Asker: 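For reference, the structure I am asking about is given below.
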Amino acid sequence: MASNLTPRDDADRPETPRLARLLLRWLAPSGFREALLGDLQEQWHGRLAQSRKPPRAWYWRQVTGSVPTLIGFRLRAVGAWRFGLLALSYLIGFVAISAWDISISRALVGSLAAQDAAPSLIVLRSIYFVLFGLGSVVAALLATPLAFDKRWSLRTNLLVGVAPVFLLINGLLLASALAAGAFDLMPYLLFRSALMGVMLLLAGIAVHKFRITLDRLI
Amino acid sequence: MPKPLGEFEITVMAAVMHLGDEAYGARIQSEIETRGNRTAAIGAIYTTLSRLESKGLVASNLGEPTAVRGGRPKRFFLITPKGETVFRNSVASLGNMLKGLQAWPAT
């Protein structure tokens, strides 16, 4: 009987796809998140007992089939005025950060002009801003930060939740400055990255320790 | 008078009624697939049940966590008296709309 499995038996079996699980955990509202993940895991084990091959494609189909309704549900739950407020705050934050970065852009472009490397930098910066803007819109749409798993250690949560955000935001800027040879700006850029790293680290610890998430605050 | 249920809401509530005490997400999905001969995403079932619960048409309670579910509990659903009334009215309304269409298309 499947429900008689001990935790050790369970641990010996192939796990459900981690990325799909993470996506579901991120999108599903807290009210039925655990029940939904539990149902899928139960079905996963049922299918695994019938076939030697882990039913990864089936699991992914379940998750991707659920994504549109889960996003729609979250949007309805957030409500129009809250969503508007949230989108506005993201927009203001985006404009403020962009304005801050304009000084860096000017200095970088000025530094690159002498090296005839400005066009490539402009392309890189455009990608950076588009990614940042898209990220802000997606985050506003979902009205939730990256969901941290309660059972994971603080280190794992920071690696999964904070590190990718930090690398995405700072990596491209630092890489473009390095590629352009704008070494005189590196101390400033590194200081800025370090500052952002500390802010993200503190935010990550707060989310992990106190479960402070945006969908709880609004 | 409460708004009539949508087609998928009727399907989900019917599955909950059929399953009785065993109505939880995975079983509801399987019931819809076997009895209703259609597929339904598990996320769609839960969002529908959550919406019905907020309207007071279904109620839910948590079962015991089990190892096979990764230590997660089942969430069991049942139809409330208000839900039963709205369900019957919605099905009757749908039935009235379909009445006389057996010979469709008209020849």
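Only a predicted model underlies this, so the values are computations on that prediction, with no experimental measurement involved. Both backbone and side-chain heavy atoms feed into the values below; hydrogens, waters and symmetry mates do not. Below, read A as the first sequence line, B as the second, and so on, with proteins coming before strands; counting in each chain starts at 1.
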Asker: Please round to the nearest 0.5 Å and tell me the distance separating atom OG1 of A:Thr69 and atom OH of B:Tyr46.
Answerer: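 Answer for the OG1-OH pair, A:Thr69 versus B:Tyr46, is 13.0 Å.
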
Asker: Taking the side chain as every heavy atom from C-beta outward, state whether A:Glu42 and B:Arg72 have any atom pair closer than 4.5 Å.
Answerer: no

Asker: Is the number of heavy atoms from other residues, nucleotides or ligands under 6.0 Å of B:Asn61 CG greater than 12?
Answerer: yes

Asker: Applying a criterion of heavy atom separation less than 4.5 Å, what residues of residues 16-28 of chain B form contacts with chain A?
Answerer: B:Tyr24, B:Gly25, B:Ala26

Asker: Distance from A:Leu70 atom CG to B:Ser50 atom OG, nearest 0.5 Å?
Answerer: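 Here the interatomic distance stands at 10.5 Å.
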
Asker: Any heavy-atom pair between the side chains of B:Gln29 and A:Gln43 that's under 4.5 Å?
Answerer: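 Counting from C-beta outward, A:Gln43 and B:Gln29 do come under 4.5 Å.
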
Asker: Has B:Arg38 got more than 12 heavy atoms of other residues, nucleotides or ligands less than 6.0 Å from its CZ?
Answerer: yes

Asker: Among A:Gly31, A:Gly65, A:Gly38, which residue has the highest count of heavy-atom pairs closer than 4.5 Å to chain B?
Answerer: A:Gly38

Asker: Could you give the distance from OG1 (B:Thr47) to CZ (A:Phe32), rounded to the nearest 0.5 Å?
Answerer: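 Answer rounded to 0.5 Å: 6.0 Å.
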
Asker: Quick one: does any side-chain atom of B:Arg69 pair with a main-chain N or O of A:Ala35 as donor and acceptor, under 3.5 Å?
Answerer: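 Checking the backbone N and O of A:Ala35 against the side chain of B:Arg69, a donor-acceptor pair under 3.5 Å is found.
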
Asker: Please identify which of these residues, A:Leu24, A:Leu37, A:Val63, A:Leu36, meets the side-chain contact (heavy atoms from CB on, under 4.5 Å) condition with B:Ile42.
Answerer: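 The option that passes is A:Leu36.
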
